[in-house]
Amino acid sequence: MIILGIESSCDETAAAVVEDGCKILSSIVSTQVEVHHKYGGVVPELASRMHMEAILPVVTQALETAGITMDDIDGVAATRGPGLVGALLVGFSFAKAFAWARGLPWTGVNHLEGHIYSVFLGKTPPSLPFVILLASGGHTNLYHVTSPNDFELMGQTRDDAAGEAFDKVAKMLGLGYPGGAVIEKLAAKGDPGKIRFPRSYLDKEGFDFSFSGLKSAVARHLQQRKEPLTPEDVADIAASFQEAVLDVLSFKLINAARVKGCRTVALAGGVSANTALGRRVAKDAAARKMTLALPPLSLCGDNAAMIAARGHRLIQDGTLCQLDHDVFSRTRV
Amino acid sequence: MILELYCTSHNRTQAAGEKLGSLISSRMTMALHGDLGAGKTTFVQGIAKGLGVPDTYYVTSPTYTLINEYPGRVPLYHMDLYRLGDIDELEYLGFDEIISSPGAIVVEWPEILGSHFVKFDLDITIKTDKAFNRKIIIKASGLDGTNLLRELSV
């Protein structure tokens with residue numbers, strides 16, 4: 001069964017063709033496509049208008065790369081929420097119209113469930129049940145996954161998301177915005193034990209996160225310094241900050257798996273592209289005789305392959321959308 | 001009218017927001033300024049508490065989501081325009097509808113709006129000193145904002 005997946009919940013417009021829920025025939029993300037070049041290489045920070053301009057070229061390229069035509073598609077899946085309504089509507093309406101015109105089954109996918117499915121597209125897909133940390137610019141959620149359709153939210157951030165903390169600290173250090181990836185590079189050269197930034201575990205038995213205190217601690221550290229920052233100082237601050245984040249993320253993830261009696265943990269979302277996080281969690285998991293599952297690097301950020309994978313399961317289960325269905329901006333509590 | 005509040009801790013910053021939130025009974029637009037890590041989200045968490053937003057809703061940073069909405073005595077809209085590259089993108093957020101709605105509306109990084117676009121009832125700036133104590137400076141303009149600030153200063 002070949003599914004066309006579409007994602008447009010936030011900054012990226014993406015389309016992918018996935019066969020049988022696991023074999024990626026193509027995965028196209030708008031920032032990689034020609035459409036942005038007319039902006040002289042400068043991609044707008046928030047590319048909401050771009051969704052409308054990008055959707056057709058992105059879908060066309062997804063079909064071309066997969067080497068298929070519209071006739072080969074068996075079903076369509078698009079992100080329904082959470083996200084920006086104006087952005088979501090572009091992809092969701094496209095999927096609706098496309099499926100209706102072609103007489104295909106179609107479904108709306110929860111963006112966060114899509115990220116969870118990205119690990120099923122990795123080299124070593126996790127076996128159920130498992131606990132997964134979904135960490136990105138907008139989310140820091142822990143889920144206990146017990147079946148292909150059951151995702152129990154165990155904890156979430158109470159203020160800033162982990163990826164956001166990375167981006168904002170990068171900004172404070174004068175590394176640009178967003179600069180989460182730059183922090184990782186610099187951290188590799190710094191001493192993670194140089195500055196003892198606070199670890200906010202909140203309730204150590206609980207699974208909620210908080211990163212705004214850490215962000216403020218970095219701001220305070222910078223404000224109270226007397227000497228100007230040397231490149232070594234910046235690397236030490238980046239390393240010390242990253243260490244504080246990794247300590248908390250890894251501890252909560254492993255502890256959640258321990259409480260739930262799971263032997264497998266997983267990472268997903270943009271922050272899972274941070275290799276230091278992957279190494280730390282792999283080490284902590286091994287100490288507990290647990291295994292770690294990761295998505296392919298290209299599927300850590302927002303993409304449509306994960307949407308197609310999740311959509312494949314929903315379509316197979318007969319969980320379909322109708323023409324009068326609409327997008328949603330927030331996860332319903 | 002200008003009011004200055006000094007907060008020496010996270011809890012006091014939140015308490016200041018809570019007091020402000022508890023006094024809001026109808027539409028109130030607020031611009032919120034402050035550097036990264038100054039305590040803007042903390043302050044808005046207080047406002048939410050004062051507005052009676054249920055504890056089950058976590059008031060989180062809107063930097064990525066751009067807009068967060070919470071139910072309360074008066075609905076709370078928390079926006080962050082930091083990531084907007086162009087004023088046209090406001091249309092995608094439904095900004096016009098929200099800013100003219102009868103809610104408590106907090107806008108972080110409102111500079112992109114320009115002064116002619118929205119006249120905020122309250123203009124709030126959080127500053128930190130060397131010891132990282134917070135000074136919250138609230139300026140009111142118009143009748144609603146000035147009345148609220150009078151109550152707050154008592």
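Just so it is clear: chains get the letters A, B, ... in the order the sequence lines come, proteins before strands, and each one is counted from 1.
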**Message:** Can you tell me which of B:Ile67, B:Thr128, B:Asn68, B:Thr65 forms the most heavy-atom pairs within a distance under 4.5 Å of chain A?
**Reply:** B:Thr128
Does a side-chain heavy-atom distance below 4.5 Å link [X] with [Y]?
{"X": "A:Met172", "Y": "B:Asp35", "answer": "no"}
{"X": "B:Tyr58", "Y": "A:Asp159", "answer": "no"}
{"X": "B:Phe132", "Y": "A:His221", "answer": "no"}
{"X": "B:Leu66", "Y": "A:Leu84", "answer": "yes"}
{"X": "B:Ser61", "Y": "A:Asp160", "answer": "yes"}

**Request:** Go through A:Ser212 and B:Gln45 one step at a time and tell me if the side-chain contact (heavy atoms from CB on, under 4.5 Å) criterion holds.
**Result:** CA-CA 12 Å; A:Ser212 86; B:Gln45 285 171 341; over 6 Å; no
**Asked** At what distance, to the nearest 0.5 angstrom, does OG1 of B:Thr63 lie from CD of A:Glu164?
**Response** 4.0 Å
If you count heavy atoms of other groups shown closer than 6.0 angstrom to [atom1] of [X], is the number above 12?
{"X": "B:Arg27", "atom1": "CZ", "answer": "yes"}
{"X": "A:Gln224", "atom1": "CD", "answer": "yes"}
{"X": "B:Lys19", "atom1": "NZ", "answer": "yes"}
{"X": "B:Asp55", "atom1": "CG", "answer": "no"}
{"X": "A:Lys96", "atom1": "NZ", "answer": "yes"}

**Prompt:** Where does B:Glu69 contact chain A at under 4.5 Å (heavy atoms): side chain, backbone, both or neither?
**Reply:** backbone
**Prompt:** Just by distance, do the side chain of A:Gln223 and the backbone of B:Ala131 share a donor-acceptor pair under 3.5 Å?
**Reply:** no
**Asked** Under the 3.5 angstrom rule, does the side chain of A:Ser216 hit a backbone N or O of B:Gly37 as a donor-acceptor pair?
**Response** yes
